[in-house]
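Each remark here refers to the structure printed beneath this line.
Only this structure's heavy atoms are used, side chains among them; waters, hydrogens and symmetry mates stay out. Just so you know, residue 1 is the first one in the sequence shown, and it goes up from there.
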Amino acid sequence: MTSLSTSRHGDGLGTKPRQRRGFTLEKKHSLIGWLFLLPATVLIFYFNFYPMIAAFVRSLHTGIGMRTRFAGAYNYAHMIEDGSFRQSVLNTFLYLIVQVPIMLLLALIFASLLNQRALRSRKLYRTLIFLPCATSLVSYALIFRSIFATDGLINTLLLQLGLISDKIKWITETPSARTVIIVALLWRWTGYNMVFYLSGLQNIEYSIYEAARIDGVSPWQQLTKITLPLLRPIILLTTVMSTSGTLQLFDESVNLTSGGPGGTTMTMSHYIYKTAFEYNPNFGYACAMSFFILIIGALLSLIQLKVGDRRD
């Protein structure tokens, strides 16, 4: 009996007891968590990252279908020589430089006005300003085309007010067509950014403004010394999102002006679409231009984050 007991439990002279086999409760919980995440991870990779990798590989090739061949950086070099692409880049950055600052400034002004406690029907005004963002892209483009037509509402009002002597061809002339796109973008997206600023303003204690007024701080000083510093993270967020969205601008160029006249209002995304599906289809070149937008967007976002984020 003694020898049997010793052989089962060890002799106490350095023999290690047997370890329990199987997973611990903690490892089982971790494994179950990973099993729940696995389907979502596979779907995200397949629908997001795999197309990006495939598009980059395709950007290194030329040709269509089975006749593709490896071309290296040819598509990227061709962008420098492509006048139409350079024009689309110029158009896109024009919309970015003009429209984004005006839009964010208007959104901040509207948010400040609609955050006043003494203002009646604030919810109604907020809804009316945000409503364009919920409008269908195609439908609002058709409305803008009709009101900015040669015989449309805008020309009629300007003629009646005596501000113009002849009808303006808004859609068929380059400066006015670009103006229509910028106005359309302001109309649609100002309310969207206003919601972000309004949420940030509502998180600022109202007693801070009351104390500032008691101390004789002017409204301009309240804006520059209180509101803007406390809203800096929200301003940075809306700036990055607006920059990224404008670089990918597509619907307004397609539905409002069709890229005309002569491609002078066409955006980069619109030109990529035409290159891939309308012109002599060249998916490799279209993929290369898409990665150009990705790189430019990432660089601008990085610069904005470096400049705007001043946390220690």
Say whether Val138 and Phe144 are linked into one hydrophobic cluster, either directly or through other cluster members, by side-chain heavy-atom distances under 4.5 angstrom.
-> no
Tested for side-chain hydrogen bond (donor to acceptor under 3.5 Å, both in side chains) against Tyr140, the lone hit among Arg188, Arg145, Glu252 is Glu252
Scan side-chain atoms only and decide if Gln160 and Thr156 contain a donor-acceptor pair under the 3.5 Å cut-off.
-> no
Does Ile208 offer a backbone N or O that forms a donor-acceptor pair with the side chain of Arg213 under 3.5 Å?
-> no
For His270 and Ser258 the tightest heavy-atom approach is CE1-C, 3.6 Å
Minimal non-hydrogen separation, Asn155 against Thr150, with atom names | ND2-O, 2.9 Å
Would you call the rings of Phe85 and Tyr271 parallel, tilted or perpendicular if under 30° counts as parallel and over 60° as perpendicular?
-> tilted
Is a donor on one side and an acceptor on the other found under 3.5 Å between the side chain of Ser176 and the backbone of Glu173?
-> yes
Looking only at heavy atoms, the pair that brings Asn255 and Ala141 closest together is CB-CB, 3.4 Å
Is it the case that more than 12 heavy atoms not belonging to Gln202 sit under 6.0 Å from its CD atom?
-> yes
For Thr265 against Tyr95, the heavy-atom pair lying closest together | O-OH, 3.1 Å
On the 0 to 90° scale, with breaks at 30° and 60°, tag the Tyr192-Trp189 ring pair as parallel, tilted or perpendicular.
-> perpendicular
Exercise: do Asn115 and Tyr197 side chains pair donor with acceptor under 3.5 Å | no
Should Ser244 and Gln248 be marked as a side-chain hydrogen bond (donor to acceptor under 3.5 Å, both in side chains) after you check the CA-CA gap, both sets of side-chain angles, and the distance that decides it?
-> CA-CA 7 Å; Ser244 177; Gln248 302 174 60; 3.0 Å; yes
Of the non-hydrogen atoms in Leu247 and Ser269, which two are nearest, and what is the gap between them?
-> O-OG, 4.0 Å
Which class fits the ring pair Phe56 and Tyr76: parallel under 30°, tilted 30 to 60°, perpendicular over 60°?
-> tilted
Nearest heavy atoms of Ile129 and Leu114, plus distance in Å | CD1-CD1, 3.7 Å
Give me the ring orientation class for Phe277 and Phe283: parallel if the planes are under 30° apart, tilted from 30 to 60°, perpendicular past 60°.
-> perpendicular
Would you indicate whether the side-chain heavy atoms of Ser301 and Thr243 approach each other to under 4.5 Å?
-> no
So do the side chains of Phe93 and Val89 get within less than 4.5 Å of each other, counting heavy atoms only?
-> yes
Tell me whether the centres of the aromatic rings in Phe110 and Tyr125 are closer together than 6.0 Å.
-> no
